[in-house]
Amino acid sequence: MTAQSVILDVPDLAAAEAFYDALGVRDRIQLRVSSEPTTGFRGYTLSLVVSQPNIVDAFVGAALAAGATELKPIKKSLWGYGGVVQAPDGSIWKIATSSKKNNGPATRTIDNLVLLLGAEDVKASKQFYLDHGLEVSKSFGRKYVEFTSAAGNVTLALYGRRALAKDAGLAPEGTGSHRITITGASERFADPDGFAWESAA
């Protein structure tokens, strides 16, 4: 079992389709209408990993032009270069690169789409996913776990909920629906933090 894609629950399907078309990720995600209540931090972020800074600029610029809200402005850091925006539907997107200089034009090419789940107990959630057949590709104790993914699929990772909220520029509190579903399971289930899985069919 691996995470194949994600389904975002959005209040306005046409508006969400227009936004994600403009952002350039409609081939990476699925959308469906939902009015389930949700407040505050939804417990996850989506990260677009790209190869160089000018591609970060292009994606963030497209998101802001299409109606996203800036949560963390683009900046250089020890690990690279990136920024965080919130889509009109409420989902959080981090666009980042580990590279600090450009080696060519901004191609709007995505190297990887990472779904980071904020876990109350990273070790327990890691074991849950190991028991469901996922394989770990990176692990940093109780802080961060990344699972193996197939080319073109979503990369699933776990991070402490409070640390993830801080990284996104938000308070960690939140209630109600996560408004996201992960596809790639043989049957429906929910993980210890309430994130739902379903089959990709």
Side-chain angles (χ1 to χ4, degrees), residues 1-6 8 28-29 38 40-53 56 71-86 91-100 110-198:
M1 185 183 85
T2 60
Q4 293 182 17
S5 182
V6 296
L8 297 180
R28 302 275 182 145
I29 61 170
T38 184
F41 182 48
R42 296 180 187 174
Y44 76 89
T45 64
L46 289 156
S47 291
L48 298 182
V49 181
V50 299
S51 62
Q52 57 191 35
V56 172
L71 294 180
K72 278 194 167 181
I74 297 170
K75 67 175 186 177
K76 289 182 180 178
S77 67
L78 289 174
W79 52 261
Y81 182 85
V84 182
V85 299
Q86 186 167 29
S91 58
I92 308 298
W93 291 80
K94 181 176 184 176
I95 299 106
T97 179
S98 59
S99 174
K100 295 184 180 180
I110 300 166
D111 294 344
N112 198 7
L113 173 59
V114 181
L115 170 60
L116 267 164
L117 302 182
E120 291 296 342
D121 184 334
V122 171
K123 184 179 178 182
S125 293
K126 173 185 174 182
Q127 189 59 53
F128 175 87
Y129 280 114
L130 289 174
D131 292 344
H132 278 75
L134 273 72
E135 297 178 0
V136 172
S137 62
K138 295 179 188 174
S139 182
F140 299 97
R142 293 175 175 267
K143 292 185 176 181
Y144 178 85
V145 178
E146 188 175 295
F147 297 98
T148 303
S149 65
N153 285 358
V154 173
T155 297
L156 181 71
L158 304 173
Y159 200 31
R161 180 185 171 98
R162 297 187 72 84
L164 183 60
K166 183 179 180 181
D167 186 60
L170 294 170
E173 293 77 26
T175 61
S177 172
H178 291 300
R179 290 211 181 177
I180 191 169
T181 302
I182 309 157
T183 71
S186 57
E187 58 185 359
R188 290 174 180 251
F189 66 86
D191 78 359
D193 297 290
F195 289 98
W197 283 69
E198 62 184 49

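The basis for the numbers below is simple: all heavy atoms, side chains too, and nothing from hydrogens, waters or symmetry mates. Predicted model, so just to flag it, every value in this text is computed and none were measured.
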Going from CD1 on I110 to CG on L48, what distance comes out if it is rounded to the nearest 0.5 angstrom? 5.0 Å

Under 3.5 Å, sequence neighbours excluded: what are the donor-acceptor pairs made by side chains of residues 152-162?
unit_1, atom_1, unit_2, atom_2, d
T155, OG1, N112, OD1, 3.0
T155, OG1, N112, ND2, 3.1
T155, OG1, S149, OG, 3.0
R161, NE, P172, O, 2.9
R161, NH2, F41, O, 3.1
R161, NH2, P172, O, 2.8

Can you tell me how far the CG atom of L8 sits from the CZ atom of R179, to the nearest 0.5 Å? 11.0 Å

Donor-acceptor side-chain pairing of D191 and S125 below 3.5 angstrom: no

I74 CD1 to T97 OG1 distance, which is reported to the nearest 0.5 Å: 11.5 Å

Crowding at CD, E135 (>12 non-hydrogen neighbours, <6.0 Å): no

V136 vs V145 side-chain heavy atoms within contact, under 4.5 Å: yes

Is any side-chain heavy atom of T45 closer than 4.5 Å to one of D167? no

What is the minimum heavy-atom distance between G82 and V56, and which atoms define it? CA-CG1, 4.0 Å

Quick one: does P53's side chain get under 4.5 Å of S99's, heavy atoms only? yes

Contact check, side chains of L115 and I182, non-hydrogen atoms, under 4.5 Å: yes

Checking K126 against S139 for the side chain to side chain contact (heavy atoms under 4.5 Å, CB included) test, could you report, in this order, the C-alpha distance in whole Å, the side-chain angles of both residues, the deciding distance, and whether it holds? CA-CA 9 Å; K126 173 185 174 182; S139 182; 3.2 Å; yes

Donor-acceptor contact below 3.5 Å, side chain S47 vs main chain V49: no

Kindly determine whether V85 and I95 satisfy side chain to side chain contact (heavy atoms under 4.5 Å, CB included), including the steps that lead there. CA-CA 8 Å; V85 299; I95 299 106; 4.2 Å; yes

Between the CD atom in Q86 and the CG atom in L170, the distance rounded to the nearest 0.5 Å is 6.0 Å

Taking the side chain from D193 and the backbone from F195, do they hold a donor-acceptor pair closer than 3.5 Å? no

L134 and T2, any side-chain heavy atoms less than 4.5 Å apart: no

Between the main-chain N or O of S177 and the side-chain N or O of T38, is there a donor-acceptor pair closer than 3.5 Å? yes

Does NZ or CZ of K72 fall inside the cone over W93's six-membered ring, less than 6.0 Å from its centre and within 45° of the axis? no

Roughly how far apart are R142 CZ and K123 NZ, rounded to 0.5 Å? 4.5 Å

I'd like to know if the side chain of S5 reaches the main chain of T183, judged simply by a donor and an acceptor atom lying under 3.5 Å from each other, with no hydrogens or angles considered. no

Can you run down the ring-ring contact (aromatic ring centres under 6.0 Å, His included) pairs that involve residues 110-138, sequence neighbours left out, and say none if there aren't any? F128-H132, F128-F189, Y129-F147, Y129-W197, H132-F189

So do the side chains of I180 and S91 get within less than 4.5 Å of each other, counting heavy atoms only? no

Report the distance from atom CG of L164 to atom NZ of K166, rounding to the nearest 0.5 Å. 12.5 Å

